[in-house]
Amino acid sequence: TKLRVAHMTKKHESVGIDLVAMCVNDLIVAGGEPLFFLDYFATGKLDVNEAAAVVRGIAEGCSQAGCGLIGGETAEMPSMYAPGDYDLAGFSVGAVHKDKVLP
C-alpha cells in the first residue's frame, strides 16, 4: 500500500496529500466544494519527524483542494501497531447547492 511505500522511501508527505485527495474527490464528483478536513494519525510510538511530514502533506493537500485543515487527532497505541508503523484516516466536509448536485 501507499503507507508501505512511504516507509520504504522515507517520503511521508505524499500519503498526506493522497489522504486529502481521496476524501475531497468524493465531494467534487458530486458537485460539491470542499470546506474543511480533519485527520487521524495512529501509531505504536510517535516519531515526531515522520508525523510532522505526514501533517505537512495533509496541509499541502488541503491547500491544493482549497479547504481548511481545522483539526485532527494523534493516537499512540503500542499494542495495536508494530514499531515504525502508522495508519491514517480523515474526512472532509463540503457544500453544494441542491440545484448543482451532480448525478
Side-chain angles (χ1 to χ4, degrees):
T1 69
K2 291 178 183 177
L3 293 179
R4 293 286 178 223
V5 172
H7 282 293
M8 290 182 340
T9 62
K10 300 189 184 317
K11 294 183 180 181
H12 301 278
E13 288 89 352
S14 63
V15 293
I17 294 170
D18 287 348
L19 179 64
V20 176
M22 298 305 103
C23 292
V24 301
N25 183 61
D26 291 341
L27 297 169
I28 293 168
V29 299
E33 176 184 348
L35 300 175
F36 59 85
F37 185 84
L38 287 95
D39 68 275
Y40 175 77
F41 182 95
T43 186
K45 181 167 174 38
L46 185 64
D47 178 322
V48 174
N49 293 326
E50 244 178 34
V54 171
V55 173
R56 278 194 304 274
I58 292 169
E60 175 59 27
C62 288
S63 176
Q64 290 179 20
C67 66
L69 174 58
I70 64 167
E73 182 176 343
T74 301
E76 274 189 319
M77 298 184 291
S79 63
M80 295 293 294
Y81 295 95
D85 281 350
Y86 63 83
D87 198 10
L88 301 173
F91 73 93
S92 185
V93 173
V96 61
H97 292 283
K98 282 186 177 184
D99 62 339
K100 303 280 186 184
V101 175
L102 299 175

- Item | Single-linkage hydrophobic cluster, 4.5 Å side-chain cutoff, Val20 and Ile70 together | no
- Item | From CD1 (Ile28) to CG (Leu102), nearest 0.5 Å | 11.0 Å
- Hphob cluster co-occupancy, Phe37 + Ile17, side-chain heavy atoms under 4.5 angstrom: no
- Under 4.0 Å between a Lys/Arg side-chain N and an Asp/Glu carboxylate O for Asp85 and Arg4? yes
- Honestly curious: do Leu69 and Val24 fall in one hydrophobic cluster under the side-chain, below-4.5 Å linking rule? yes
- Message: Set out, in order, the CA-CA distance, both residues' side-chain angles and the distance that settles side-chain contact (heavy atoms from CB on, under 4.5 Å) for Cys67 and Leu35, then state yes or no.
- Response: CA-CA 5 Å; Cys67 66; Leu35 300 175; 5.6 Å; no
- Using the rule that two of Ile, Leu, Val, Met, Phe, Trp, Tyr join whenever any of their side-chain heavy atoms come within less than 4.5 Å, decide whether Val15 and Met22 are in one cluster. no
- Message: Does any part of the side chain of Thr74, heavy atoms only, come nearer than 4.5 Å to the side chain of Leu46, both counted from C-beta?
- Response: yes
- Do Pro34 and Leu27 come close enough that some side-chain heavy atom pair is under 4.5 Å? yes
- Say whether, by atom type as modelled, one donor and one acceptor occur between the side chain of Ser63 and the main chain of Ala59 under 3.5 angstrom. no
- Please tell me if the side chains of Glu76 and Lys45 come closer than 4.5 Å, counting only heavy atoms from C-beta onward. yes
- Query: Are there more than 12 heavy atoms of other residues, nucleotides or ligands under 6.0 Å from atom CE of Met80?
  - Reply: no
- Message: Please tell me whether Val93 and Ile58 are part of a single hydrophobic cluster in this structure, the criterion being side-chain heavy atoms less than 4.5 Å apart.
- Response: no
- Could you go step by step and tell me if Leu88 and Asp39 meet the side-chain contact (heavy atoms from CB on, under 4.5 Å) rule? CA-CA 7 Å; Leu88 301 173; Asp39 68 275; over 6 Å; no
- ring pair (Phe, Tyr, Trp, His ring centres under 6.0 Å): pairs with one or both residues in residues 69-103, sequence neighbours excluded: His7-Tyr86, His12-Tyr86, Phe41-Tyr86
